[in-house]
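Working notes, structure below.
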Amino acid sequence: MARYDPAAIEARWQQEWDAAEVFKARPDPDRPKYYVLEMFPYPSGNLHMGHVRNYAMGDVVARYKAAQGFNVLHPMGWDAFGLPAENAAMERKIHPGSWTYDNIANMKAQFRSLGLSLDWSREFATCDPEYYGQQQALFLDFLEKGLVYRKAAVVNWDPVDMTVLANEQVEDGRGWRSGALVERRELTQWFFRISDFSQELLEALDGLDRWPDKVRTMQANWIGQSRGLRFGFACETPVHGVEAIEVFTTRPDTLMGASFVGLSPDHPLAKALEAENPAIAAFCADCRRTGTSEEALEKAEKRGMDTGLRVRHPLDPDWLLPVWIANFILMDYGTGAIFACPAHDQRDLDFARKYDLPVKDVFHSLGVERKAEKTNSPTPLDSPELGSDVAFVPPRTEKVVYVRPVAQAGHEMTGEQAVENTIYLAERQGWGTGVMQYRLRDWGLSRQRYWGCPIPVVHCDACGVVPEKKENLPVKLPEDVSFDRPGNPLDRHHAWRNVPCPACGAPARRETDTMDTFVDSSWYYARFTSPGAATPTDRAEADYWMNVDQYIGGVEHAILHLLYSRFFARAMAICGHLPDSAAEPFDALFTQGMVTHEIYRSVSQKLFAENDGTEIQIVHEAYHLPKDVVFCDVGGQREAVLRSEMVEDKFDPDDEQQVKDYLNVFGRTEIQIIPSAKMSKSKKNVVDPVGIVDRFGADTARWFMLSDSPPERDVEWTDAGAEAAHKHLARVWRMASELAPSLPQAGESGAEAAPAGVSDPALARLAARTIHDVTQGIEGFAFNTSVAKLYAFTAAIQKSDAPATDRAAALRILARLMAPMTPHLAEEVWRMLGGTGLLARQPWPEADPALLVDDTVTLPIQINGKRRSELTVARDLPKPEIEAQVLADAAVQKALAGGAPKKLIVVPGRIVNVVV
RNA sequence: GCGGGCGUGGUGGAAUGGUAGACACAUGGCACUUAAAAUGCCUGGGCCGAAAGGCCGUGCCGGUUCGAGUCCGGCCGCCCGCACCA
């Protein structure tokens with residue numbers, strides 16, 4: 001008897017699809033287009049399960065939309081620039097380019113085995129000169145439109161390796177290779193003017209109604225619009241020509257509770273003071289030893305130093321406030337200077353307590369104020385001013401009593417109102433301006449690295465910064481570089497670096513910085529519409545294919561990648577490379593969860609006595625590959641044993657009984673099973689898709705990745721689950737192959753064999769219901785529920801005693817519904833059961849609406865909210881008649897005990913609740 | 001630290017504010033088989049009960065509602081992001 005043989009089936013159908021060019025996308029004005037895009041992968045060398053899940057989901061959408069008659073564009077490429085290639089080059093002495101292209105070849109072969117409906121003719125890698133050359137053209141266009149500029153910015157500097165470090169290369173303030181303390185260093189770098197678009201990027205989020213709310217919220221918070229007041233604290237005596245310190249505050253209403261003025265260590269005034277005061281210089285230098293990441297700054301211990309300067313309160317010239325430099329004040333936000341009101345800001349309060357600075361309440365809560373009146377106490381007992389270490393920070397919409405207001409005393413109002421009043425007052429009195437401030441900073445794109453897109457400008461002593469001529473693009477990366485010395489190889493490659501100035505022809509130097517890899521991924525979706533164009537895009541193609549109708553990827557890209565792409569689409573539209581209608585490039589977004597796997601960890605602790613007699617403890621953690629472990633149930637508890645240990649003790653790990661015996665003899669093992677952990681090589685819990693495809697076939701891997709867990713949530717890879725998926729697919733195949741011989745052969749009784757519908761009433765109803773539910777599941781990105789319905793349908797077909805032709809018709813519907821998920825098996829079943837042509841070209845089945853409605857409904861009857869009985873009635877029975885029947889129900893009668901119900905709630909078609 | 005999300009049986013999960021646990025895994029039982037594999041069928045939250053049935057139950061505490069896994073407030077735990085990882 002033949003068996004389900006995925007290896008043969010999958011290879012055959014992949015060839016047929018290729019030969020027929022089923023997935024090649026061509027513009028067709030007569031058909032609606034649909035552009036499905038999954039975030040392209042970094043070519044690390046191997047596909048992992050996260051990829052399989054991501055691309056399986058995209059493939060469901062692509063194949064489903066194609067079946068619905070859309071002209072589908074479903075491309076794939078490689079996000080191929082970046083640090084790992086340079087790390088590999090350093091470690092293995094190979095060129096980043098050859099490492100990358102080898103990885104791409106490897107991964108592409110793995111991709112192809114999955115049978116995804118991709119148009120490979122559009123493939124490109126961002127490290128292809130054809131791609132990054134067009135990116136350089138974009139850069140020059142942006143430069144011309146004023147969307148790029150240069151300014152100084154800080155980087156992490158490793159003083160030993162003499163190189164700039166990425167944030168991830170900084171561990172606890174030290175360089176990951178050298179271990180040296182990292183310093184902050186200022187360099188002149190290129191920036192995109194994304195902050196000019198802050199308001200627009202924020203407002204346009206409202207229109208992205210097919211994006212997850214969480215992503216829109218995260219982006220809105222990231223852009224961080226806040227209304228506040230900008231004003232100056234006049235210096236008691238001007239220092240270094242500075243007459244006043246400009247601050248920005250979102251809480252001007254707390255001005256009368258001001259305690260001190262704080263400066264960022266990177267503030268110009270702080271720098272000026274540094275030059276003359278060694279103590280300040282030492283303090284600032286110390287602050288600069290933290291990494292540049294916001295996280296590092298926020299987590300660092302809050303520290304400050306009094307500069308000795310004094311400034312005047314804007315509303316009371318006699319009130320002098322001290323000026324401090326504090327490490328938690330960011331130069332990038334607002335003016336790099338703040339005033340602190342400790343009573344109503346926890347961080348300020350902590351700081352004030354630490355350095356013994358004054359704390360004055362500005363407002364109290366209504367309740368506390370009233371309680372204070374009652375107890376005859378002048379101020380509430382538990383306020384920061386009276387010593388509490390908890391700042392009073394009510395929601396801005398809550399009414400409070402102002403005890404130190406900027407304008408009138410004792411007013412009850414919300415923080416919001418008070419802020420607006422203060423801004424109004426400040427503007428009228430001329431000491432401050434109300435402004436809209438954004439947290440979003442300009443996007444620094446310069447990277448001091450080799451493996452990235454060269455920034456196409458030349459530095460000339462006479463002409464300054466000169467853009468490279470477009471006809472000279474691409475500015476290609478030189479091939480002959482080495483990574484045996486620290487620093488950027490482009491810097492020391494004189495032949496590449498020394499070029500004539502494009503403007504005057506005098507000897508000049510190329511820019512040696514390359515672009516952030518986020519630039520590469522900010523417009524690849526546009527390039528896919530015309531990957532061979534001699535300009536960044538071909539407008540006719542872009543106009544036809546844009547926007548991306550469905551974008552799919554991980555939540556980890558919720559902010560940066562997606563925000564940068566939104567900026568790029570706008571910038572490209574300004575330069576004419578995209579239509580204005582593509583300013584929001586992704587109509588719908590879906591963020592899928594991770595694939596996780598158990599970790600098997602053993603921890604051994606050993607005590608050693610050193611020579612001098614002191615004992616030290618060594619804790620040794622080891623992780624074990626799934627294949628090195630066997631499992632056994634011990635009293636309902638799943639236990640893991642190392643195979644090697646069993647073998648050592650002369651037990652056979654492949655014999656279930658011996659595993660039990662072993663556990664009985666040796667008791668519990670040291671191996672901990674940690675579930676649902678993110679896959680990582682160091683934890684040895686990575687499942688290799690190649691092995692799974694070899695063992696079970698691509699359809700099984702795809703089916704399992706789509707079943708069980710909701711797509712937006714993490715899914716745990718388990719062998720048992722994969723085996724179950726495989727068993728199910730084998731069952732479908734077996735049902736089809738057993739049924740096939742009993743069907744009239746094509747040509748025998750006409751070509752009628754295939755199209756015949758399901759005539760068995762029960763099976764026909766279920767088929768219609770399944771079509772409806774599976775379609776709903778796919779539309780709503782609930783593939784796991786679609787899969788559940790398909791399981792149920794399969795079981796029903798198997799149990800059905802309807803004639804073979806009916807069951808075959810039902811199976812053909814099953815195949816069509818499974819086609820987006822398990823395309824190879826679906827084609828095979830379709831062909832076995834007399835389907836004509838490629839299933840990949842068949843339209844999506846439609847449910848007969850008449851079969852979807854039932855004549856009767858069963859209503860659960862609740863008594864006081866608990867289900868006690870049920871009632872089956874005609875679907876459209878009027879409410880009064882339902883009520884009558886409910887009251888006649890035995891359980892209801894019993895509960896009422898002769899009385900009348902307090903309330904009777906009838907939700908037609910849903911439920912009945914009797915309140916007694 | 002800040003921002004966002006998630007939390008339901010032994011496990012993954014299902015459930016427009018309306019019968020909590022669909023579907024699947026694991027477990028246990030049965031059938032087929034010389035045996036095994038494969039396959040099929042049944043069971044499947046906890047407690048009490050012979051059963052009928054009852055009580056409890058969606059991380060914890062409280063609230064809104066005829067009715068809360070779902071909505072609101074407060075906690076706890078885990079995950080993601082924090083601008084030079086991609």
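Lettering follows sequence order; numbering is per chain, from 1.
Look at CD1 on A/Ile797: it is 14 Å from P on B/G40, rounded to the nearest Å. Taking atom CZ of A/Arg769 as the reference point, atom C1' of B/C23 lies 16 Å away to the nearest angstrom. Atom P of nucleotide B/C85 and atom CG of A/Leu165 are separated by 11 Å, given to the nearest angstrom. Rounded to whole Å, atom C1' of B/U65 lies 15 Å from atom NZ of A/Lys902. As rounded to whole Å, 20 Å separates atom P of B/A24 from atom CZ of A/Phe783. Look at CG on A/Leu560: it is 14 Å from C1' on B/G4, rounded to the nearest Å. As a whole-Å value, the separation of A/Ile559 CD1 from B/G3 C1' is 7 Å. A/Glu86 places its CD atom 16 Å from the P atom of B/C84, with the value rounded to the nearest Å.
When distances run from any side-chain atom of A/Tyr791 to the nucleotides B/A86, B/U39, B/C23, the shortest one goes to B/C23. Side chain of A/Ala720, nearest nucleotide from B/G1, B/C25, B/G4: B/C25. When each of B/C55, B/C82, B/A22 is scored by its nearest atom to the side-chain atoms of A/Ala788, the top-ranked nucleotide is B/A22. Considering only the side chain of A/Thr785, B/A14 comes nearest among B/G3, B/G54, B/A14. Relative to the side chain of A/Val164, the nucleotides B/C84, B/C80, B/U39 differ in distance, and B/C84 lies closest. Considering only the side chain of A/Ser709, B/G13 comes nearest among B/G13, B/A86, B/G40. Among B/A14, B/G54, B/C66, the nucleotide with an atom closest to any side-chain atom of A/Pro710 is B/A14. The nucleotide whose nearest atom lies closest to any side-chain atom of A/Glu298 is, among B/G1, B/G4, B/A26, B/G1. Picking from B/A83, B/C66, B/C85 the nucleotide with the shortest atom distance to the side chain of A/Glu168 gives B/C85. Nearest nucleotide to the A/Val155 side chain, out of B/G4, B/G13, B/C84: B/C84.
Using the Watson-Crick or G-U wobble rule with both distances under 3.5 Å, B/A26 pairs with nothing in any strand shown. Across all strands shown, B/A68 remains unpaired; no Watson-Crick or G-U wobble contact has both distances below 3.5 Å. Across every strand in view, B/A35 sits unpaired, with no contact that passes the Watson-Crick or G-U test at under 3.5 angstrom. Across all strands shown, the partner of B/G77 is B/C6, judged by Watson-Crick or G-U wobble contacts whose two distances both fall under 3.5 Å.
Heavy atoms of A/Lys789 sit nowhere under 4.0 angstrom from any nucleic acid atom. Heavy atoms of A/Leu440 sit under 4.0 angstrom from at least one base atom.
Interatomic distance, A/Tyr333 OH to A/Ser264 OG, rounded to the nearest 0.5 Å: 14.5 Å.
Between the side chain of A/Glu295 and the base of B/C82, at least one donor-acceptor pair of N or O atoms lies under 3.5 Å. Side-chain atoms of A/Asn221 stay outside donor-acceptor range of the base of B/G3, with no qualifying N/O pair under 3.5 Å. At a cut-off of 3.5 angstrom, the base of B/C84 holds at least one donor-acceptor pair with the side chain of A/Gln448. Evaluation of atom-type donor-acceptor distances gives a pair under 3.5 Å for the side chain of A/Gln189 against the base of B/C84.
Among all heavy-atom pairs drawn from A/Thr512 and A/Asn488, the shortest one is O-ND2, 3.0 Å. Closest approach of A/Asn54 to A/Glu38, counting heavy atoms only: O-CG, 3.8 Å. Of all the heavy atoms in A/Asp520 and A/Tyr131, the pair that sits closest is O-OH, 2.7 Å.
Nearest-nucleotide mapping onto RNA chain B: of A/Arg441 and A/Lys799, the residue sitting toward the 5' end is A/Lys799. In terms of position along RNA chain B, the nucleotide closest to A/Ser707 lies nearer the 5' end than the nucleotide closest to the other residue of the pair A/Asn156 and A/Ser707.
The C1' atoms of B/G9 and B/U43 are separated by 15 Å, rounded to the nearest whole Å. B/G17 and B/U58 are spaced 15 Å apart, taking the C1' atom of each and rounding to whole Å. For the P atom pair drawn from B/C32 and B/A37, the interatomic distance equals 16 Å after rounding to whole Å. One C1' atom belongs to B/G59, the other to B/C6, and the distance between them is 11 Å to the nearest Å. With both ends at atom P, the span from B/C84 to B/G77 equals 31 Å, rounded to whole Å. With P as the reference atom, B/C72 and B/A20 are 22 Å apart, rounded to whole Å. If you take atom C1' in B/G29 and the same atom in B/C79, they sit 40 Å apart, rounded to whole Å. Here the separation of B/U8 from B/A22, taken at their P atoms, is 16 Å to the nearest Å.
Using a 4.0 Å cut-off between charged side-chain N and carboxylate O, A/Asp158 and A/Arg177 make no salt bridge. Between A/Arg347 and A/Glu298, at least one side-chain N (NZ, or NE/NH1/NH2) sits under 4.0 Å from a carboxylate O, which counts as a salt bridge. Under the 4.0 Å criterion applied to side-chain N and carboxylate O atoms, A/Lys354 and A/Glu301 are assigned as salt-bridge partners.
No more than 12 heavy atoms of other residues, nucleotides or ligands lie within 6.0 Å of NZ in A/Lys902, so this atom counts as exposed by the packing criterion.
Using a 4.0 Å cutoff on non-hydrogen atoms, the parts of residues 905-916 of chain A near RNA chain B are A/Ile905, A/Val907, A/Arg910, A/Ile911, A/Asn913, A/Val915, ordered by number.
No donor-acceptor pair under 3.5 Å is formed between the side chain of A/Thr292 and the backbone N or O of A/Asn156. A donor-acceptor contact shorter than 3.5 Å is absent between the side chain of A/Arg807 and the backbone of A/Met735.
Under 4.0 angstrom from either OP1 or OP2 of B/A83 there lies at least one side-chain N or O belonging to A/Asn167. Listed pair A/Asn864 / B/G67 fails the phosphate criterion, with no side-chain N or O lying under 4.0 Å from OP1 or OP2. Contact annotation: A/Lys866 reaches the phosphate of B/C56 (side-chain N/O to OP1 or OP2, under 4.0 Å).
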Can you give the donor-acceptor pairs under 3.5 Å from side chains of residues 77-86 of chain A to other protein atoms, not counting sequence neighbours?
{"residue": "A/Trp78", "atom": "NE1", "partner": "A/Glu123", "partner atom": "OE2", "Å": "2.8"}
{"residue": "A/Glu86", "atom": "OE2", "partner": "A/Tyr450", "partner atom": "N", "Å": "2.8"}
{"residue": "A/Glu86", "atom": "OE2", "partner": "A/Trp451", "partner atom": "N", "Å": "2.6"}

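The glycosidic torsion of B/G81 lies more than 90° away from 0, placing the base in the anti range.
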